[in-house]
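As the structure lists them, so they are numbered: ligands from 1, and atoms in each ligand from 1. Note that the structure is a prediction, hence the values are computed from the model and not measured.
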Amino acid sequence: MARVFNFSAGPAMMPLPVLEEIAKEVVDYRGCGMSVMEMSHRSKVYQQIIDEAEADLRDLMGIPDNYKVLFVQGGATLEFAMIPMNLMKNGVADYIVTGAWSKKAASEAKKYGKVNVIATSEDKNYSYIPDVSDLPIDDDADYVYICENETIHGTTYKELPNTKGKILVSDQSSMFLSKPVDVTKYGLIYGGVQKNVGPAGLAIVIIREDLIREDLPATVPTYCSFATHSENGSMYNTPNCWAIYCCGKVFKYLKSLGGLSAMDEINKKKAAILYDYLDSSKLFKGTVEKEYRSLMNVPFVTGDADKDAAVVAATKAAGFDNLKGHRSVGGLRASIYNAMPIEGVQALVDFLKDYEAKNA
Ligand SMILES: *Cc1c(COP(=O)(O)O)cnc(C)c1O
């Protein structure tokens, strides 16, 4: 077995102890004589798997009783549509556009109503988070939308926007479970799980109960109504049984490490190793304003596309995979989610230092 240090933005690394536990259960889940992949989602055994996953997630995040947890297929992208379909009562929403993912979410929402872009950092290729303390919130806005960690551009919010009493909706795909969050500050939190939790094919939606509506237009697909998932325990139809099972393992693993405060400590330490090096480097520089740097996705460049490509090739040859930056930013990007060990980041920095010394 040879595992590389995988810096992929997603699907991304999962914790090795979790993969090993899954491997042990893959053929025969706890004496059932079958795999979780082969099991009826209506079975008692599976019901216990999904119930435990939800209970552990509630425990990890401190999700209050008046919030529902939904396991939905279609990834984060389907949520770009489900959110306006379900939450737009007045047909208006305010979006803060800080990168590729909030931009996509805003353009999808336009299919369902009026979208106001109330702040954006597009002027500097999304390298910062705009001032969100006093925004022109529309009186009729049904919600204010943010992408709290922009995976491609590598930015994150320091403070949540002042929504002036409106509901806050947050895409946390690439920061899900990376640190404690106060769920009560949000109407809805969601994320695709393949960045920081488990295998692709699942989004987790945490929604305040009173925002779940029964009176949606008849043209909204049954699957796309939050009420459908809420009323049926995320099993209106066959859920992504396998991904839910794997996520449940990760929840237990994170609890065993001390929960989200512990993850936050580790993630800060890990990111500092990389950012401190980038700040001292003469070859590389980070692309994001310091205050708004993501702890999860770290884009950096040499300033020369050919040099960038040479570094990416060298890292790959040395056993560091998936460091090529997204084409809209260029350069390199290291995604250092929960599952990336501190040793992985240290090894990368050691490699880059050495590379810099040899190529000065
Ligand atoms: C990856 C990503 C998405 C899209 O996720 P899919 O599951 O592929 O639909 C949306 N938002 C953010 C912040 C992401 O990182």
Side-chain angles (χ1 to χ4, degrees), residues 6-14 70-85 93 95-111 115 120-122 125-127 129 143-157 160-161 168-179 181 186 188-207 223-224 229 234 239-240 242-244 246-247 250 267 287-288 292-299 322 324-329 333-340:
N6 177 9
F7 292 88
S8 171
M13 271 188 86
M14 286 178 59
L70 313 176
F71 298 105
V72 187
Q73 302 196 43
T77 299
L78 186 60
E79 295 311 313
F80 293 169
M82 279 177 73
I83 286 161
M85 275 191 229
Y95 277 68
I96 301 176
V97 174
T98 52
W101 291 116
S102 43
K103 189 175 182 181
K104 268 199 167 163
S107 49
E108 186 73 3
K110 278 180 200 155
K111 294 185 174 179
V115 168
T120 177
S121 51
E122 192 169 13
N125 197 26
Y126 304 115
S127 57
I129 300 288
Y143 58 90
V144 175
Y145 183 101
I146 59 172
C147 174
E148 208 165 327
N149 186 85
E150 284 281 1
T151 322
I152 291 174
H153 293 89
T155 55
T156 197
Y157 282 73
L160 292 177
L168 182 62
V169 172
S170 177
D171 176 357
Q172 296 195 347
S173 295
S174 49
M175 58 171 279
F176 204 70
L177 306 181
S178 67
K179 64 172 194 180
V181 295
Y186 305 83
L188 189 155
I189 295 172
Y190 77 98
V193 302
Q194 76 276 20
K195 309 290 163 67
N196 207 13
V197 194
L202 176 67
I204 296 178
V205 177
I206 300 161
I207 180 172
Y223 192 85
C224 291
H229 299 278
S234 298
N240 187 333
W242 179 251
I244 294 168
C246 294
C247 288
V250 173
N267 287 328
T287 58
V288 172
Y292 307 109
R293 286 169 161 177
S294 166
L295 298 188
M296 299 281 103
N297 310 100
V298 183
N322 289 311
K324 189 175 189 305
H326 191 272
R327 63 188 179 283
S328 57
V329 180
R333 172 177 48 165
S335 293
I336 49 175
Y337 299 120
N338 283 347
M340 171 61 68

Check whether any side-chain N or O of Ser174 sits under 3.5 Å from a backbone N or O of Lys195 as a donor-acceptor pair, and report yes or no. no
Under 6.0 Å between ring centres: does that hold for His229 and Phe71? no
Among residues at least two apart in sequence or on other chains, which ones pass side chain to side chain donor-acceptor pair (under 3.5 Å) with Asn267? Lys270, Asn338
Per-ligand residue contacts, ligand 1, heavy-atom threshold under 4.0 Å: Gly75, Ala76, Thr77, Phe80, Trp101, Cys147, Asn149, Thr151, Asp171, Ser173, Gln194, Lys195
Give me the ring orientation class for Phe80 and Trp101: parallel if the planes are under 30° apart, tilted from 30 to 60°, perpendicular past 60°. tilted
Please check: side-chain N/O of Asn196 versus main-chain N/O of Phe176, any donor-acceptor pairing under 3.5 Å? yes
Expected output: side-chain Arg333 to main-chain Gly154 donor-acceptor under 3.5 Å: no
